[in-house]
Protein chains: 2
Amino acid sequence: MSASEIERTRVPRRRDAQERRHRLIVAAQREFAARGVDASLERIAREADVAIGTLYRHFPTRLDLLLAALEPRVREFLDGSEKALQIDDPWGAFVSYLENLFRVQAGDRGFNDFLSRRFPGSEETERIHDEMCRQIDDVLTRAQKAGAVRADITLADIVNLIWSNGRMIDATSTTAPNAWRRQLFLMLDAYRAEAAHAIPEPPMSEKQLYDAMVHLSTAD
Amino acid sequence: MSASEIERTRVPRRRDAQERRHRLIVAAQREFAARGVDASLERIAREADVAIGTLYRHFPTRLDLLLAALEPRVREFLDGSEKALQIDDPWGAFVSYLENLFRVQAGDRGFNDFLSRRFPGSEETERIHDEMCRQIDDVLTRAQKAGAVRADITLADIVNLIWSNGRMIDATSTTAPNAWRRQLFLMLDAYRAEAAHAIPEPPMSEKQLYDAMVHLSTAD
DNA sequence: TCGGAAGCCGAGGACCCCCTCCGGTGCCCG
DNA sequence: CGGGCACCGGAGGGGGTCCTCGGCTTCCGA
C-alpha cells in the first residue's frame, strides 16, 4: 500500500468522524455483498445515514471503500488458504484450497466480483490478486507433480473456474445457495489425472488471462 | 405466439415504416450482440437513426425487439441442434449438441444472456426455452442410457454449464474468443461415465433451476 | 472556555435511461 | 391528386448515478 493510499483511507482523529466512517463501512459491506462491486455509492451513504459528501471525504474512490469493506473477507479467505496449503496430501490440499475459495466467494457478491476482476490502477488489489495466483500455482503444481491432477491444466483454467463459479453463485445464491459445490466437485472429476482426454484448445496465455480480468472491470 | 403478440410485432404496411423497422432490427442486433440484453434502447434508436418514439411504436417492449433481433440466432441454434440430435453415436450427439449451443452463445452476447434467463411473462420465449430443455434432456438421457455419460447428471447441471460458459464468454470474448471450447472439453471429461466419483451435493430441483433463471433476469 | 480546523451536508451540474404523448408529416388509396 | 390516417419526431417528466464545492457545524486542544 503506497503512502498516499494509507493517507486516503486512514482512520480520522475526531470521534464523530470515526463513527461515520464505521457506519459507512458497515453499510458498504451489506450493499457490496448483496449487489456486487457496482453497488450505488449514494445508496450506501443513504443506508449509513450519512451525506454523500461525507462518503467521498472518507473514501475518495470506490476502490477505497471496497477494500475497506472487503477486508474481513480477504482475511477470511487468506486464513482458509493457509490451512489448505498446509495439508500434506497434494490432492487434498488442492480440493481444500478451491473449496475454501469458493465458499468465501459464495458468501459475498462483492468479493465474488472482486475475485474475477483486475484493477490495474491499484497496487493494493494487484497485490492480493498476485498472492492468490501464486497460491493457486503452488497448490496446482504440487498436485500435478504428485500425479493427482492432470498435467495439461493451467492457472488460467482455475481462473476460468472461478469465473464460472461466480456466475453460478449469481444465479443460485437465493434459490440454491449450495449449488456451487456440486459444480465444483463435478469439475474436480475433470481435473483428476486419470480422467484426462486430449483437449482440442490450448490454454489461455497469461496476457490473455490478465486482459480478460481487466475487461470484466471496464466493460459496459 | 399469442394473437396480441403477433399483432404487436407485425410488419407494418407502409414502405417507410417497414424500412425503419428494418433499420431498428439491424441496430438492435448489433447492440444486443455487443452489450447483452440490457443494451440501451435509446442508443439502439440513435444507431438506427430513428426517433425513440418510433422504436416504441414498432416494439412496445424490450422483449419484442429482442426476439426480433435474436430470431436469426435462434434459428441458427435450432438448425445446429437438429443436426446434432440426428447423430447416431449418443456421446457424439451429446458433445455435438453442446458444442453447437456454445458456439452460437459465444457469438452473441444477447443470445448468451437470453439462454441463461427466463422471462416468465412471455409465451414466446418460454416456448424456446422449453424446447431447448427438452432437447438437452433428450440428448443427455440417451447418452446416459448408452453408458457414455455418468448417471448422476441432470438437466440442471447442463444449465449450470450454460451459465458458466456464459461468464467465460463475457470475460474472454475480446481477448481469447475460443477459450470457451477448452472449458467445455474439460467439463466433458467430468461428464464421462468412467470419470464418475460421488458428488457430495444433490442436483438442483426443477423449481430451483427455474427460479434461478428468473432471478437472473430480475436482479438489480 | 473558545476559536480554528476537521468534518459534514446536500444542492446541483452533468450524464444516462425508460417511456409517453401529441402536434406535425408524408405515404397510399380511392 | 388530394385527404385521411398511419406514422414519425423529440421534448419532457420521472428515475438514477457520479462527484464537486462551499457554507455551516461540531469537536477538541490549548
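Letters A, B, ... are given to chains in the order of the sequence lines, protein chains preceding strands, and every chain is numbered from 1.
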Using atom types as modelled and distance alone, determine if a side-chain donor or acceptor of [X] lies under 3.5 Å from a backbone N or O of [Y].
| X | Y | answer |
| --- | --- | --- |
| D113(B) | V37(B) | yes |
| R21(A) | H58(A) | no |
| T61(A) | D64(A) | yes |

Salt-bridge present (R23(A), E19(A); N to O < 4.0 Å):
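Yes, this pair counts.
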Are E99(B) and R103(B) ion-paired here, with the side-chain N under 4.0 Å from a carboxylate O?
no
Comparing D49(B) and S40(A) on DNA chain D - which has the more 5′ nearest nucleotide
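That would be D49(B).
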Assign each of P12(B) and G53(B) to its nearest nucleotide of DNA chain D by heavy atoms, then name whichever residue's nucleotide is nearer the 5' end.
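First, find each residue's nearest nucleotide; the 5'-ward one identifies P12(B).
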Using the ring of each side chain (for Trp, its six-membered ring), is F77(B) parallel, tilted or perpendicular to F111(B), with breaks at 30° and 60°?
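F77(B) vs F111(B) ring planes: tilted.
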Report the relative orientation of the aromatic rings in F119(A) and F114(A); use parallel for angles under 30°, tilted for 30 to 60°, perpendicular for over 60°.
parallel
Walk along DNA chain C from 5' to 3' and tell me the first and last nucleotide with an atom closer than 4.0 Å to a non-hydrogen atom of chain B.
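Reading along DNA chain C, I get dC17(C) to dC28(C).
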If you look at every strand shown and take non-hydrogen atoms under 4.0 Å, does R43(A) touch a base, only sugar-phosphate, or nothing?
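No contact.
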Which part of the nucleic acid, if any, lies within reach of I52(B) when heavy atoms closer than 4.0 Å are counted: base, sugar-phosphate only, or nothing?
base
Start at the 5' end of DNA chain C and walk down; is the nucleotide closest to T54(A) or to D38(B) reached first?
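The 5'-side residue here is T54(A).
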Between which nucleotides of DNA chain D, 5' to 3', does chain A make heavy-atom contacts below 4.0 Å?
dT17(D) to dC28(D)
Going by the salt bridge (Lys or Arg N to Asp or Glu O under 4.0 Å) test, name the single residue among R62(B), R109(B), R43(B) that passes it with E31(B).
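Exactly one pass, corresponding to R43(B).
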